[in-house]
Amino acid sequence: MERNTTTIPQADIDRQLTFCREIAQMNAARPEQPLAFVDTYGCQQNEADSERIRGYLSEMGYGFTDDEEQAQIIVLNTCAIREHAEQRVLGNLGALVHVKRRHPDQIICMCGCMAQEQHVAEKIKQSFRHVDLVFGPHMLWKFPEFIHTLLTSRGRIFQIPDEAGSIAEGIPVVRQDKVKAWVSIMYGCNNFCSYCIVPYVRGRERSRQPEDILNEVRALASEGYKDITLLGQNVNSYGKDLDSPMDFADLLERVNAIPGDFLIRFMTSHPKDATQKLFETMARCEKVAPVLHLPFQAGNNRVLKVMNRKHTIEGYLDKIRALRALIPDIVLTSDVIVGFPGETTPEFEDTLKVLEEVQFDALFTFIYSPRVGTPAAKMDDPMPREEKLANFNRLVALQDAISEKKHAAYIGKTMRCLVDGESGDSRYPLSARTPGNRLVRLTGEPAAIGQFVQVKITDANKWSLFGEMV
Ligand code: SAH
Ligand code: SF4
Ligand code: F3S
């Protein structure tokens, strides 16, 4: 059977690495090492992409800074999911005009999901003339070539082909963290939820070969990473485009079999293909963390249908029950949209009922934001903003009460937690994560960072737990 996913030939990636070496030679001739600033917006997928951009930049001989005044290259890796995210990017990108006036040979790049939107790219072309390079997620693998062109000739580059997307292996990576790592297992989305921009900017679903994923996880485990998150817009449809018969549950099983003391997490799961087989695999695999992020978006079946979510709320609740029967202490989180076009307040109240019934540990709540080119953006949206806001506040208040109650139930328990960094709070200087990924502020010394320790939970509020090592 033909694999229907395009893979970038290794020779093409090698050519990019040749551009990196040429740029590194030019940079070596400078009096000081030049610096780059990579500013990331949006989801973990973008964080993972930025680690590749940094990988390329490092091969080109750049060091890193968070100060735009010091940077020779500035990269904004952007998110298009909601208007607020886009406005932040445009604000920050606009402000760089002054920075570039002070440093005229600076290279300013915009990439990521926003760059892939035609109307945004057009706006940058016309009104943000200080931006030198705009490329979408499909072109990330060619980043060294673009920089090489900018360094050796004049002009601006716009590379945002509208394509289904490909897979590029062998791009160097500079990871941001020593304890937690992201591993993309697939790219793109086929679901076309009617409100969502992702399928338009990230292309069709395509799965990396299992061996490539397993090799990456093996390397991370041997480098001492303790918390590995498998990433995809909908990990549950992993493998559908592979020629070997392999689904996400099979992949989890194989990642779990890799030797080492580390936790496996994954996100995001779509309820329509979260299967009993997946739940059984999660229950059986000791490294798979007892947590599931399963967005339901809305509690009303009419609204779900117009959202094109392809699941009902009864089906969703059945899956939650099946999962809890297998893993009683599973930590559950979800995403919810308030104010989808045409959603009435009684329909919104069905969302509150789902919260009451499921008792999520945490919820990510969003007010609907119209996205150019999506079906929902053309739908009638009669509800006034104040009513949406009032509903949103009711939702947040209910979830806050549930989170507070769930967190209080941890007090007095002792659990194995991963110390993942410093908290910035002098009374509880460390931050740690429970197996279910709840945040714990912890007493103790920084030497514990990167280790699993037994933690006694002594206090809690709606945002986090507090504890001490035992
Ligand atoms: N692939 C993931 C979600 C990616 S986007 C999934 O399907 O679960 C993360 C969340 O942003 C979504 O779950 C949804 O709740 C929210 N979101 C997406 N588009 C939105 C929009 N146009 N307005 C408001 N929230 C949106
Ligand atoms: Fe967007 Fe739906 Fe795809 Fe998630 S599954 S990325 S919400 S279209
Ligand atoms: Fe945003 Fe793109 Fe992620 S739109 S949420 S950065 S896939």
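In each ligand, atom 1 is the first atom listed, and ligand 1 is the first ligand listed. Just so it is clear, the structure is predicted and the values come from calculations on it, not from any experiment. Side chains included, hydrogens not; waters and symmetry mates left out as well; all remaining heavy atoms used.
Centroid-to-centroid, the aromatic rings of Phe135 and Phe158 stay 6.0 Å apart or farther. The distance between the ring centers of Phe266 and Phe248 falls below 6.0 angstrom. Aromatic ring centroids of Tyr56 and Phe146 lie 6.0 Å or more apart.
Interatomic distance, Tyr410 OH to Asp361 CG, rounded to the nearest 0.5 Å: 5.0 Å.
Protein heavy atom at the shortest distance from atom 5 (S) of ligand 1 is Ile81 CD1, 3.5 Å. Protein heavy atom at the shortest distance from atom 6 (C) of ligand 1 is Thr268 CG2, 3.6 Å. For atom 23 (N) of ligand 1, the closest heavy atom belonging to the protein is Ser369 N, 3.0 Å. The protein heavy-atom contact nearest to atom 19 (N) of ligand 1 is Tyr195 CD1, 3.3 Å. Closest protein heavy atom to atom 9 (C) of ligand 1: Asp335 OD2, 3.6 Å. Atom 24 (C) of ligand 1 has as its closest protein heavy atom Ile367 O, 3.5 Å. In this structure, the protein non-hydrogen atom closest to atom 4 (S) of ligand 3 is Ala80 N, 3.3 Å. Residue, atom and distance of the protein heavy atom nearest to atom 17 (N) of ligand 1 are Arg82 NH1, 3.5 Å. In this structure, atom 7 (S) of ligand 2 lies nearest to the protein heavy atom Tyr195 OH, 3.4 Å. The shortest contact between atom 15 (O) of ligand 1 and any protein heavy atom is with Gln297 OE1, 2.7 Å.
Using a non-hydrogen distance threshold of 4.0 Å, Gln233 registers as a contact of ligand 3. Contact analysis leaves Asn234 out of contact with ligand 1, as no non-hydrogen atom separation drops below 4.0 angstrom. Not close to ligand 3: Gly112, with no non-hydrogen atom less than 4.0 angstrom away. The closest approach between Thr374 and ligand 1 stays at or above 4.0 Å for every heavy atom of the residue. Within the 4.0 Å heavy-atom cutoff, Arg309 counts among the residues contacting ligand 1. Taking a 4.0 Å cut-off on heavy atoms, Arg202 registers as neighbouring ligand 3. Residue contacts with ligand 1 do not include Val198, since none of its heavy atoms lies under 4.0 Å from the ligand.
Environment of CG in Asp67: crowded, with over 12 heavy atoms of neighbouring residues, nucleotides or ligands closer than 6.0 Å. The neighbour count for Glu83 CD, taken as heavy atoms of other residues, nucleotides or ligands under 6.0 Å away, does not exceed 12.
Contact annotation for atom 4 (Fe) of ligand 2: protein absent (non-hydrogen atoms, distance under 4.0 Å).
Among all heavy-atom pairs drawn from Leu398 and Leu352, the shortest one is CD2-O, 3.7 Å.
If you number the atoms of ligand 3 from 1 as listed, the ones under 4.0 Å from a heavy atom of Cys113 come out as 2 (Fe), 4 (S), 6 (S), 7 (S). Close approach of ligand 3 to Asn46 is summarised as follows: ligand atoms under 4.0 Å from at least one heavy atom of the residue are 6 (S). Taking a cut-off of under 4.0 Å to the non-hydrogen atoms of Cys43, the atoms of ligand 3 that pass are 3 (Fe), 5 (S), 6 (S), 7 (S). Residue Tyr368 has at least one heavy-atom neighbour below 4.0 Å for each of these atoms of ligand 1: 23 (N), 24 (C). Distances below 4.0 Å separate heavy atoms of Pro295 from the following atoms of ligand 1: 8 (O). Atoms of ligand 3 found under 4.0 Å from any heavy atom of Cys79 (numbered from 1 in listed order, with element): 1 (Fe), 4 (S), 5 (S), 6 (S).
Judged purely by atom type and a 3.5 angstrom limit, Tyr187 has no side-chain atom pairing as donor or acceptor with the backbone of Arg204. Side-chain atoms of Lys100 never come within 3.5 Å of backbone atoms of Ile107 as a donor-acceptor pair (strictly under, hydrogens ignored). The main-chain N or O of Ala71 is found under 3.5 Å from a side-chain atom of Gln106 such that the two form a donor-acceptor pair.
Using a 30° and 60° split on the angle between ring planes, His148 and Phe19 fall in the tilted class, from 30° to 60°. Below 30°, between 30° and 60°, or above 60°: for His311 and Tyr316 the angle between ring planes is between 30° and 60°, a tilted geometry.
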Practice task
List the steps, then state whether salt bridge (charged side-chain N to carboxylate O under 4.0 Å, His left out) holds for Lys388 with Asp381.
Solution key: CA-CA 11 Å; Lys388 290 189 181 185; Asp381 191 1; 2.9 Å; yes
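Within the cation-pi definition used here (under 6.0 Å to the ring centroid, within 45° of the axis), Lys287 qualifies as a partner of Phe262.
Salt bridge annotation for Lys353-Asp350: present, with a cationic side-chain nitrogen under 4.0 angstrom from a carboxylate oxygen.
Around atom 3 (Fe) of ligand 2, the protein atoms of type N, O or S that sit closer than 2.8 Å are Cys189 SG.
Between the side chains of Asp400 and Ser403, no donor-acceptor pair is found at a separation under 3.5 Å. Side chain to side chain, Asn461 and Glu404 fail the donor-acceptor criterion of an N or O pair below 3.5 Å.
Contacts between Arg371 and ligand 1, counted as non-hydrogen atom pairs separated by less than 4.0 Å, involve the side chain only.
With contacts defined as side-chain heavy-atom distances shorter than 4.5 Å, the pair Leu326/Glu280 qualifies.
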